[in-house]
Amino acid sequence: MDQGRGSILAGMAICWLLNVAQLGVGWLLLVADVRMLPGYYVLVGAVGLVQVGYVVPLWRLLRRKGKPRTAQGLMTAAILTLICDVVVVMLIYLRR
């Protein structure tokens, strides 16, 4: 497998654009109905965990298609998002 195929920045952009789409769906749930509030909290509050549902299949697809650098960028962005999510959640809970 050629290690020069793909782009790390493209993988990071893919991940973060999908995260923005996830936050947009969360916002739609917020404005749609009060009964959707738990779904909003899960999609927005646990973005780092929920992204596993679309990052892992995309990562596997990119690796299979011969784009290891793009897959690496996707996973790097996912890990950074998870770390930021954990830090924000910890700050919220430590304030109480």
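For clarity, every value in this text was computed on a predicted model and none was experimentally measured.
Placement of V89 and I83 in two distinct hydrophobic clusters is found when ILVMFWY residues are connected by side-chain heavy-atom separations under 4.5 Å, directly or transitively. With hydrophobic clusters built from ILVMFWY side chains whose heavy atoms lie under 4.5 angstrom apart, V56 does not share a cluster with L49. When hydrophobic clusters are built by joining Ile, Leu, Val, Met, Phe, Trp and Tyr residues whose side-chain heavy atoms come closer than 4.5 Å, directly or via intermediates, I79 is grouped together with L58. In the hydrophobic clustering of this structure, V44 groups with L30; members are Ile, Leu, Val, Met, Phe, Trp, Tyr whose side-chain heavy atoms approach within less than 4.5 Å, directly or through other members. One hydrophobic cluster, built from ILVMFWY side chains closer than 4.5 Å, cannot hold both L28 and L37; they sit in different ones.
With values rounded to the nearest 0.5 angstrom, M75 atom CE is found 11.0 Å from L82 atom CG. How far CG of L74 is from CD1 of I8: 11.5 Å, rounded to the nearest 0.5 Å. Rounding to the nearest 0.5 Å places CG of L29 at 12.5 Å from CZ of R35. A distance of 10.0 Å separates CE in M12 from CD in Q72, rounded to the nearest 0.5 Å. Between Q51 atom CD and L18 atom CG the span is 9.5 Å, to the nearest 0.5 Å.
In this structure, V31 and Y40 have side chains that are not in contact, with every pair of non-hydrogen atoms separated by 4.5 Å or more. Looking only at side-chain heavy atoms (C-beta outward), Q22 and V47 come within less than 4.5 Å of each other.
When all heavy atoms are compared, the tightest approach of G66 to R5 is O-CB, 3.3 Å. The minimum heavy-atom distance between G6 and K67, with the atom names listed, is CA-CD, 4.1 Å. Of all non-hydrogen atoms in C15 and A78, the two that sit nearest each other are SG-N, 3.6 Å.
For the side-chain contact (heavy atoms from CB on, under 4.5 Å) with V50, the qualifying choice from L43, V55, D85 is L43, the only one to do so.
Here the side chain of T70 pairs a donor or acceptor atom with the backbone of S7 at under 3.5 angstrom.
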